[in-house]
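On a predicted model such as this, the values are computed, not experimentally measured, just so you know.
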Amino acid sequence: MKIATFNVNSIKARVETVLTWFKQATPDVACLQEIKCETNAFPALEFEALGYHCAILGQKSYNGVALISKHKIEDVQNGLPGDNADDQARYIEGVVSTKKGAVRVASIYAPNGNPVDSDKYPYKLKWMDRLIAHTKKLLTYEEMFVLGGDYNIIPTVDDVYDAKAWENDALFKLDTRRKLRELVNLGLTDAFRACNATPHLYSFWDYQAGAWQKNNGIRIDHLLLSPQAADRLKTCKIDKHVRAWEKPSDHVPVWCELKL
DNA sequence: ATGCCGGGCGAAGCCCGA
């Protein structure tokens with residue numbers, strides 16, 4: 001089973017690019033982020049025409065996440081628990097069942113957090129605390145799950161082109177990285193790092209300043225696996241070539257293959 | 001270079017992202 005995460009940076013602006021990738025990559029499940037449209041404005045018909053089911057949590061203008069699956073999506077949970085006042089569409093979770101087993105999959109768009117002296121940074125850290133609390137609950141089920149998404153966190157110095165330039169950024173500050181470690185240390189596996197030791201492989205390149213041409217990237221899109229899913233992990237790759245397409249997102253797809 | 005692109009909204013120019 002191939003499970004992918006892809007921050008599309010507006011599904012309306014990117015629908016042809018994203019569909020092209022779906023036809024080539026044929027993921028079983030894809031976690032999309034930054035769809036930037038309301039739930040009922042998502043182009044579900046185009047994905048259904050390719051044989052997919054859609055579970056969508058959108059909002060006007062910003063954020064928005066979706067699960068796209070070849071198999072039916074059940075037990076869908078809209079939103080990250082822990083703060084009823086939070087109306088930002090950043091989390092959707094569902095269960096994908098096959099004859100060979102069921103996998104719980106979440107599509108995550110964690111907050112950016114910049115600038116760090118604004119209320120956006122504490123919101124980011126608190127959001128991660130909520131994700132950690134929710135993950136503790138998911139782990140008690142002792143099932144396969146994959147938390148895929150744009151975490152807006154650079155895990156280590158090996159995941160950024162210039163660590164010094166990013167040391168005070170909300171994506172790389174020590175307090176930020178501690179939150180990701182706290183999450184992973186619950187017992188999760190960073191699928192990409194489990195399969196690839198090579199440093200300086202990235203999932204995001206800014207549109208500006210020739211970042212792509214200079215390979216000034218960062219790795220912030222992650223697939224975090226429960227122990228039961230990690231036991232079945234075969235491979236994990238970054239579809240870097242997609243960044244060179246016409247009208248690309250600034251992120252590229254990251255995907256893993258599980259034995260089932 | 002805390003906005004150089006690129007998208008949303010909405011119809012010009014500001015807000016936002018990483």
Side-chain angles (χ1 to χ4, degrees), chain A residues 5-19 21 31-43 56-66 86-91 107-125 127-128 131 148-180 192 200-222 238 240 242-254:
Chain A
T5 181
F6 189 6
N7 178 322
V8 298
N9 185 19
S10 171
I11 192 61
K12 287 190 229 169
R14 209 79 56 209
V15 65
E16 290 310 320
T17 306
V18 174
L19 290 172
W21 175 76
C31 309
L32 305 186
Q33 301 87 35
E34 282 208 89
I35 60 172
K36 291 188 173 178
C37 66
E38 293 182 290
T39 300
N40 59 14
F42 186 89
I56 302 141
L57 180 64
Q59 69 178 94
K60 194 176 170 68
S61 307
Y62 303 113
N63 309 318
V65 286
D86 185 1
D87 57 2
Q88 297 190 33
R90 297 181 175 276
Y91 186 94
S107 180
I108 288 170
Y109 178 48
N112 175 303
N114 281 308
V116 293
D117 58 357
S118 72
D119 55 6
K120 292 182 179 183
Y121 191 59
Y123 172 67
K124 178 190 183 96
L125 298 181
W127 201 93
M128 288 303 296
L131 182 59
D150 174 2
Y151 283 76
N152 270 314
I153 299 178
I154 301 163
T156 76
V157 293
D158 289 338
D159 302 304
V160 55
Y161 66 95
D162 182 350
K164 189 73 185 164
W166 284 78
E167 66 181 353
N168 295 316
D169 192 280
L171 279 66
F172 194 53
K173 280 173 69 73
L174 286 175
D175 285 342
T176 304
R177 291 152 64 187
R178 281 192 191 106
K179 292 298 182 194
L180 185 64
F192 186 75
H200 303 294
L201 298 173
Y202 309 126
S203 65
F204 168 92
W205 296 262
D206 201 294
Y207 289 118
Q208 302 177 88
W212 166 245
Q213 289 76 10
K214 291 186 268 191
N215 196 28
N216 286 349
I218 54 180
R219 191 173 71 89
I220 55 175
D221 299 275
H222 308 302
I238 298 174
K240 182 179 179 179
V242 175
R243 186 64 175 78
W245 288 0
E246 291 293 314
K247 268 181 79 77
S249 171
D250 39 7
H251 299 250
V252 296
V254 180

N/O-N/O pairs, protein side and nucleotides 8-11 of chain B side, under 3.5 Å:
{"residue": "dG8(B)", "atom": "OP1", "partner": "Ser10(A)", "partner atom": "OG", "Å": "2.6"}
{"residue": "dC9(B)", "atom": "OP1", "partner": "Ser61(A)", "partner atom": "N", "Å": "3.3"}
{"residue": "dC9(B)", "atom": "OP1", "partner": "Ser61(A)", "partner atom": "OG", "Å": "3.2"}

Taking the [atom1] atom in each of [N] and [M], what is the distance between them to the nearest angstrom?
N: dG10(B); M: dC15(B); atom1: C1'; answer: 13 Å
N: dC16(B); M: dA1(B); atom1: P; answer: 24 Å
N: dG7(B); M: dT2(B); atom1: P; answer: 22 Å
N: dG8(B); M: dG3(B); atom1: C1'; answer: 16 Å

Figure out the [atom1]/[atom2] separation between [X] and [N], and round it to whole Å.
X: Asn216(A); N: dC4(B); atom1: CG; atom2: C1'; value: 13 Å
X: Asn63(A); N: dC16(B); atom1: CG; atom2: C1'; value: 10 Å
X: Trp212(A); N: dG6(B); atom1: CH2; atom2: P; value: 14 Å
X: Gln33(A); N: dG17(B); atom1: CD; atom2: P; value: 15 Å
X: Glu246(A); N: dG7(B); atom1: CD; atom2: C1'; value: 17 Å
X: Arg90(A); N: dC16(B); atom1: CZ; atom2: P; value: 12 Å
X: Asp206(A); N: dG7(B); atom1: CG; atom2: P; value: 13 Å
X: Tyr207(A); N: dT2(B); atom1: OH; atom2: P; value: 20 Å

Query raised in the report: Should the pair Trp166(A) and Tyr161(A) be assigned to parallel (<30°), tilted (30 to 60°) or perpendicular (>60°) ring geometry?
Result: perpendicular
Requested in this report: Name every residue in residues 149-172 of chain A that has at least one heavy atom under 4.0 Å from any atom of DNA chain B, in order of residue number, or write none if there are no such residues.
Outcome: Asp150(A), Asn152(A), Leu171(A)
Report task. Could you point out which residue of Lys173(A), Arg178(A), Arg177(A) forms a side-chain hydrogen bond (donor to acceptor under 3.5 Å, both in side chains) with Asp175(A)? Result -> Arg178(A)
Query - salt bridge (charged side-chain N to carboxylate O under 4.0 Å, His left out) partners of Glu38(A), counting only residues at least two apart - result: none
Requested in this report: Assign Lys247(A) to base, sugar-phosphate, or nothing according to its heavy-atom contacts below 4.0 angstrom with the strands shown.
Outcome: sugar-phosphate
Report task. Indicate whether the side chain of Tyr121(A) and that of Thr176(A) have a donor and an acceptor atom separated by less than 3.5 Å. Result -> yes
Query raised in the report: Glu246(A) and Thr17(A): side-chain hydrogen bond (donor to acceptor under 3.5 Å, both in side chains), yes or no, with the steps?
Result: CA-CA 8 Å; Glu246(A) 291 293 314; Thr17(A) 306; over 6 Å; no
Report task. Ignoring backbone atoms, test whether Arg14(A) places a side-chain nitrogen or oxygen under 4.0 Å from the OP1 or OP2 oxygen of dG7(B). Result -> yes
